[in-house]
Amino acid sequence: MSFPILTVLALLPVVAGVVVLLMKGRAARLTGMVVSLAVLALGIVAFVAAARGTDLTETHNWIPAIGAWYALGSDPLSMTMVLLTVALVPVVLGAEWHVGERTAGSGGLPTSVFFGLALILEGLALYCFVSVDVLLFYLFFEATLIPMYFLISGWGGPRRRQAAVKFLIYSLAGGLVMLFAVIGVGVHSGASGKSSFLLADLAKVSFDGSIGRYLFIGFFVAFAIKAPMVPVHTWLPDTAEQATPGASTLLVGILDKIGTFGMLRLCLGLFPQASAWATPVVLVLAVISILWGAAMAATSKDLMRLVSYTSVSHFGFMVLGIFAVTTSSITGSIFYMFNHGFSTAALFLVLGFLVHRRGTADINAFGGAQKTAPVLAGLFLVAGLATLGLPGMSSFVSEFLSLAGAWGRHPVYVAVATIGMVLAAVYVLRAYKRTMTGPVTDQVAEHVGKDATGREKLVLAPLIIVLLVFGFFPKPMLHVIEPAARATMSQVGATDPAPVVKEGVK
């Protein structure tokens, strides 16, 4: 394809974001929303074109001395993440339409700044997902931290700046470890022939033995922090508690997906032998993340921290499916990455609307809210049911595929992980019962007396529709995703385990 659609797709929101930063008032909001919708339309065009087999690859020699390329690609994995990214940003902008006015009393920045940073973050994340040069990927991986830091520190709770610094310290630490791995990849490729950071060239380089294990660890640590996995997850609950719901949605729904995306693209893709060597430890960490995240969510007293802990648990399911290395488990994990973005966005945003009305995220400060705000209560219930993986929701399909696919290789890990599914019902229904049911308290009657506005319904409707449509009819997305899983299986050199047939059973 002669038109550089991937470059335009990623560069447009970055340039527009800088422009929006210089604007003020309603004009900035309208410009930001129009650009985000234009990027959404362009992203859908690129997704459909790639799904139909159109080659969108762009390759230009960047730094010949070290073998670095400006190279963008459109495989099914990257385009699935592109679709998620371009879909969530307009939703977040709609949800945070008045973020500047809402947080002005606590020192919040103007809304135009939020919109500009969100667009810049969108473009940098898109570059991460479509980059097929390791050095280029790393640069955008690190660059996303800049707008995300200011999105966290600029608006939200009284300790938002401390939370932003904690996020930055963890992320920079992971990035530093990853930098050593990136340099190691370049050096080793040069020692094996011509130096290159291009994934297509690196796929021909052998990273077996100790060098592959060291490099794998470097990449995996960075991605485990980003994902996030226990025990390097502690930055996320603090950040979600202090940031605005929109910023948390961008962080968990889009940015953290770069972690699991990197595990598939780089850890399994470049280091299959090291991945197999590390799999027992990774699976243990995944199961611990599932159980710990679910347990902490079940005992959380803060609604935003609760949602963050659910994500720790859900990322554990994704990692379990990735490192089980079967076609079904990887397909389920990629679909989980996609679905989780929408279910978590719905939960963060609907709770954000309720918390804004009540003035606190303390679960004990609510009670009987379904009588004063029945639409918001219903949307909270739907988002919660999607989070716990209710059949009929798209999250159920992805969770089932991940666990069913992993069962053939690791039945014990899967059996233990299912406890997390039980706990998911506990933390969702407990939170709903304590906040929405029971008698209406005086504080709720006073502060949560207004139900969902037209804008809030418009923001949440697309998320609910996606969760329901792909819950009942997941085939279109699975048709796109499955080739990515098969390609990963081929890179790893693995085959699906043969079904076990007991003797005497026909």
Side-chain angles (χ1 to χ4, degrees), residues 50 53 55-57 59 67 69 71-81 128-138 178 181-182 184-186 188-189 192-193 196-209 211-220 222-224 227 257-279 282-283 286 318-337 401-402 405-406 408-410 478 480-497:
D55 184 12
L56 306 180
T57 301
T59 307
W69 297 76
L72 310 179
S74 57
D75 61 280
L77 172 60
S78 62
M79 296 313 293
T80 300
M81 294 298 99
C128 272
F129 291 131
V130 298
S131 294
V132 291
D133 178 276
V134 174
L135 183 59
L136 188 68
F137 169 84
Y138 172 76
M178 182 176 168
V182 171
V185 164
H188 186 71
S189 68
S192 303
S196 176
F197 287 97
L198 199 63
L199 284 175
D201 294 335
L202 294 175
K204 304 172 186 176
V205 178
S206 173
F207 290 99
D208 295 341
I211 183 64
R213 295 179 181 181
Y214 290 135
L215 295 176
F216 169 89
I217 292 172
F219 283 107
F220 181 80
F223 296 142
K257 298 302 187 304
I258 299 175
T260 45
F261 173 86
M263 292 179 190
L264 281 163
R265 174 61 57 83
L266 299 180
C267 290
L268 290 185
L270 296 181
F271 314 108
Q273 187 184 76
S275 296
W277 164 77
T279 289
V282 174
L283 293 182
M318 296 176 209
V319 175
L320 175 62
I322 290 170
F323 280 87
V325 193
T326 70
T327 304
S328 294
S329 69
I330 294 176
T331 300
S333 290
I334 298 173
F335 197 31
Y336 210 142
M337 292 160 63
L401 281 173
S402 298
R409 292 197 197 278
H410 307 286
L478 295 178
V480 173
I481 292 170
E482 191 171 342
R486 290 199 298 267
T488 301
M489 292 288 289
S490 176
Q491 290 173 325
V492 175
T495 57
D496 289 324

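Every heavy atom of this structure was used, including side-chain atoms; hydrogens, water molecules and symmetry mates were not. Nothing here was measured: the structure is a model prediction, and the numbers come from that model.
- In summary, the aromatic rings of Phe219 and Phe271 are positioned with their centroids under 6.0 Å apart.
- Arg409 and Ala494 make their closest contact through NH2-CB, 4.1 Å (heavy atoms, listed as atom of the first residue, atom of the second, distance).
- Pairing each heavy atom of Leu264 with each of Ile330, the nearest pair is CD2-CG2, 3.8 Å.
- Counted by atom type alone, Asp55 and Thr57 present one or more donor-acceptor pairs between their side chains at under 3.5 Å.
- Closest non-hydrogen pair, Ala274 versus Phe216, comes out as CB-CB, 3.6 Å.
- The closest side-chain heavy-atom distance from Thr331 to Thr327 is below 4.5 Å.
- Side-chain atoms of Ser196 come within 3.5 Å of backbone atoms of Leu198 as a donor-acceptor pair (strictly under, hydrogens ignored).
- Taking 4.5 Å as the limit, every side-chain heavy atom of Met178 sits out of range of all side-chain heavy atoms of Phe220.
- No side-chain heavy atom of Tyr214 sits under 4.5 Å from any side-chain heavy atom of Phe207.
- Side chains of Leu135 and Trp69 form no contact here, defined as non-hydrogen atoms less than 4.5 Å apart.
- Looking at Gln491, its side chain never comes within 3.5 Å of a backbone N or O of Leu270 through a donor-acceptor pair.
- Of all heavy-atom pairs spanning Leu401 and Gly332, the tightest one is CB-CA, 3.6 Å.
- With Ser329 contributing its side chain and Gly321 its backbone, the two residues share a donor-acceptor pair below 3.5 Å.
- Between Ala50 and Met79, the shortest heavy-atom distance links the atoms CB-CG, 3.7 Å.
- Contact check for Pro76 versus Ile481: no side-chain heavy atoms found under the 4.5 Å cut-off.
- No side-chain donor-acceptor contact under 3.5 Å links Thr326 and Asp496.
- Smallest separation of non-hydrogen atoms from Cys267 and Phe223: SG-CD1, 3.8 Å.
- Two residues are said to be in side-chain contact when any heavy atoms from C-beta on lie closer than 4.5 Å; Leu136 and Phe197 fail this criterion.
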